[in-house]
Amino acid sequence: MNWIKHIFLCIGCAALLSGMTACSLQSRIRKADRHYAIGEYYEAAKQYKQIYPKLDSKVNKAQKAALAFRQGECYRVLNSASAITCYKNAVKLKYQDSIVYLRLAQCQQYAGKYTDAAKNYTIYLQNAPGSYVAQAGKYACEQVKTWQQTPTRLKVTPAKEFNRKRSGNFAPVFIGDDADAVMFTSNRPVSKKKTTLRTSPVTGKQTFNLFSARKDANGKWTDINPAQGLFGTGEEEGAGEEQQQSDSTQTAQKAGTLEIGVCSFTADGTTMFFTASQPVNGQDLGTQIYVSARAGGEWGEPQQIKLFQDSSISVGHPAINATGDTLYFVSDAPGGYGGKDLYRAVGENTTWGDVQNLGPQINTSDDELFPSVRKDGTLYFSSKGHPGYGGLDIFRAVPAGRDTTYGANKLPVYSLINMGMPFNSREDDFGITFEGTTENGFFSSNRDQKKSKNDRIFRFVMPELVLTVEGTLQDEQGEPLSDGVLRLVGTDGTNQKVPVRRDGTYKMRLQPDAKYVMLATSRGYLNQKQEVTTAGISDSRTYKQDFVLTSVSKPVKMNNVFYEFGKWELTEASSQELMGLVKLLKDNPNITIELSAHTDMVGDSVSNLVLSEKRAQSCVDFLISNGIEAARLTPVGYGENMPVVATEAMHREYSFIPEEQVLDEAFISSLTKEQQEICNQINRRTEFKVLKTTYNLY
């Protein structure tokens, strides 16, 4: 019987152990959930990863699905590719909330898997057809290939002088209008003291601080140092051992526990608004905005700004306008549109009121972050909710007008524009700052990194838009008209004359968004007019425009006027050539012309004469039907009576035809059949010549 008691004892111990293990697992889940609830995503993800494989999907299927979803949420915030796997696990375990499809789609879009993302956006929209974020995401996935084919002419390169390996560097801001100093956020070491740094349970990375840099006499950025004086921080990177030893232990502790970043400056650069987070008992309990005034080389004691009555509401990412009376910021305050929204407040220094959410034209149910505002009131910010390439995209919000408002709070009406490539990528792009009134500056992104997703600072430069028109001025034989002149008249006020070079070439500068009329002239030749437009052109471009001027004293052959064999009806192919003559006559309204048709020697001479007269008349009828006065046109048929006299150009093309040779019957009869056909073809022609240049002048 002892063996029976032994078996029951083992079974009881196993059951007890199993129960204890289950209790321990649930306790660990609750602990991880507490980290998740207060936004400590790195710590929560680490614990979820350990717990997830230990949960039995048959016994705890719903709980395991929820844990997979929360794990995915952590990784999504941390920009980890593991989020996709976690969301897929949640879908497989039939997680009850359809939002899992929205989050999966967003992460797939961030990873550049646009087809898969569009499918999951569609699934989510079946359950939430009114979701703007899902509609915007699906639209973006369907349009992204088209967007990628039309990047702006902006040039973007890493700002290596601000970036440091294995550190995050982001949100650069110029310190005042002079643009000779910049402040940015980084988690590089504040000093050589390792004890002054801690790892954030939110990101898993070292805490952030503000660093400044200045331009030297050569325009290079140097002297990268921590912001001096804020909360007792300010040790220079690489400071001497003697200086470090003089710092108090309390100061070092503050520098290690306080997280500072994302700032903005008044126009004179003497007042700074910034975000700070002071952990309590090792936990990050949100962020607040502080203001500090500069006295000499250091920043004064920061003062906290109170924007909401409830002090537990997080606020951050301040952006002060040019006049210093409006502060834009980010918050997840109750009553918003979901995620983090953009707000504004009116006031000065530490006193701010009239706090307003910027409304649904700016904010979505996802995150809107990192506002900045230019002197003209244009607002820039990053969003995950509006149509974009993936992750955070930078948007420009242009006020429609001072008196254009909507809603009870009289919010401005904005025109919202995605800044496009290369500003935006499928990853996170944010924290833009402009160098004065130029279109140059800096922004942040975590693009182009295979392993680490550390943020880096990028420089952007708008190259000068150079638009030119160039070409040649020649006669019908291809000879340069060295005494020619080009006149350029534009809607931008341009009215200039430019002589061509000795080789007949020219080059002129154009302005953007203008229309131009170009008139080419040369003594003894008819004028020619062309039009060029630069409207809508965003890249530097050289237009090619050649002019071939028609001699006033010589007949001009029309190369592409054709008739049906033995008939006088014009073929469709003749229209383009004749329309060129229509344009020439309209460009030169004071000329009259003789339009003549010629045949070869084949056939009866009388019949050829009649045929040529009818062909000449057909051409004249075409010109009249296209707006040319009949009084300016004289049709003549010469039949075979005026054979061509060979030119130098003709001799170069056909060596068997001597220069100045008349292509008459006697000469043609002496040639081979193939050569005879070439000469007959040359004689079959339609020409025009100028008769008068004074029509309607007197």
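These numbers come from the heavy atoms of this one structure, side chains and all, not from hydrogens, waters or symmetry mates. Heads up: numbering here begins at 1 and tracks the sequence.
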Check this for me, if you would: do [X] and [Y] make a salt bridge, where the nitrogen-to-carboxylate-oxygen distance has to be below 4.0 angstrom?
X      : Y      : result
Glu439 : Lys155 : no
Lys544 : Glu470 : yes
Lys375 : Asp177 : yes

inquiry  = Can you tell me how the ring of Phe273 sits relative to the ring of Trp352, calling it parallel under 30°, perpendicular over 60° and tilted otherwise?
reply    = perpendicular

Which atom names give the shortest non-hydrogen contact between [X] and [Y], and what distance separates them?
X      : Y      : answer
Asp268 : Thr271 : OD1-N, 4.3 Å
Gly436 : Arg374 : O-NH2, 3.1 Å
Phe308 : Ala333 : CZ-CB, 3.7 Å
Gly339 : Asp332 : O-CB, 3.7 Å
Leu488 : Leu510 : CD2-CD2, 3.8 Å
Ala514 : Thr491 : CA-OG1, 3.5 Å

Looking at side-chain heavy atoms only, is the closest gap between [X] and [Y] below 4.5 Å?
X      : Y      : value
Thr85  : Tyr75  : no
Asp429 : Leu392 : no
Ile224 : Phe184 : yes
Leu379 : Leu358 : yes
Lys88  : Gln108 : yes
Arg487 : Val485 : no
Tyr328 : Val373 : yes
Phe395 : Asp393 : yes

Backbone N/O of [Y] and side chain of [X]: donor-acceptor pair under 3.5 Å:
X      : Y      : result
Asn357 : Gly359 : yes
Ser264 : Ser372 : no
Asn424 : Ile394 : yes
Asn163 : Ile457 : yes
Asp367 : Ser383 : no
Gln496 : Val489 : no
Glu368 : Thr364 : yes
Gln228 : Pro226 : yes
Tyr290 : Leu230 : no
Thr185 : Val262 : yes

Determine, using ring centers only, whether [Y] and [X] are less than 6.0 Å apart.
X      : Y      : answer
Phe208 : Phe170 : yes
Phe329 : His317 : no
Tyr101 : Tyr124 : no
Phe434 : Phe460 : yes
Phe174 : Phe442 : yes

Pair Asn446-Asn79, side-chain contact (heavy atoms from CB on, under 4.5 Å): steps then yes or no = CA-CA 9 Å; Asn446 61 0; Asn79 290 328; 3.3 Å; yes

As an exercise, state the distance from [atom1] of [X] to [atom2] of [Y], rounded to the nearest 0.5 Å.
X      : Y      : atom1 : atom2 : result
Cys263 : Phe274 : SG    : CZ    : 9.0 Å
Arg426 : Tyr110 : CZ    : OH    : 8.0 Å
Tyr114 : Glu142 : OH    : CD    : 13.5 Å
Tyr414 : Arg396 : OH    : CZ    : 13.5 Å
Ser80  : Tyr41  : OG    : OH    : 15.0 Å
Leu125 : Leu102 : CG    : CG    : 8.5 Å

ask   = Going through the distances and angles, do Asn418 and His386 end up as a side-chain contact (heavy atoms from CB on, under 4.5 Å)?
value = CA-CA 8 Å; Asn418 185 300; His386 292 293; over 6 Å; no

Under 3.5 Å side-chain donor-acceptor pair for [X] and [Y]:
X      : Y      : result
Asn169 : Arg188 : yes
Asn321 : Arg344 : no
Thr472 : Asp546 : yes
Asp366 : Tyr337 : no
Gln135 : Ser131 : no
Asn120 : Asp116 : no

ask   = Can you name the one residue among Gln71, Gln106, Arg103, Arg76 that meets side chain to side chain donor-acceptor pair (under 3.5 Å) with Tyr87?
value =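 Looking at Gln71, Gln106, Arg103, Arg76, the match for Tyr87 under the side chain to side chain donor-acceptor pair (under 3.5 Å) is Arg76.
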
ask   = Is Arg447 positioned over the aromatic face of Phe458, cation under 6.0 angstrom from the ring centre and no more than 45 degrees off axis?
value =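 So Arg447 does make the cation-pi contact.
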
key: salt bridge (charged side-chain N to carboxylate O under 4.0 Å, His left out): pairs with one or both residues in residues 209-226, sequence neighbours excluded   =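 For residues 209-226, and leaving out neighbouring residues, the salt bridge (charged side-chain N to carboxylate O under 4.0 Å, His left out) pairs sorted by first residue read Lys215-Glu435.
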
ask   = Going through the distances and angles, do Trp221 and Phe211 end up as a ring-ring contact (aromatic ring centres under 6.0 Å, His included)?
value = CA-CA 12 Å; Trp221 293 98; Phe211 290 79; over 10 Å; no

request  = With side-chain hydrogen bond (donor to acceptor under 3.5 Å, both in side chains) as the test, would you mind laying out the steps for Gln126 and Thr122 before giving the verdict?
outcome  = CA-CA 6 Å; Gln126 292 172 357; Thr122 301; over 6 Å; no

message = Set out, in order, the CA-CA distance, both residues' side-chain angles and the distance that settles side-chain hydrogen bond (donor to acceptor under 3.5 Å, both in side chains) for Thr542 and Thr468, then state yes or no.
response = CA-CA 5 Å; Thr542 297; Thr468 58; 3.1 Å; yes

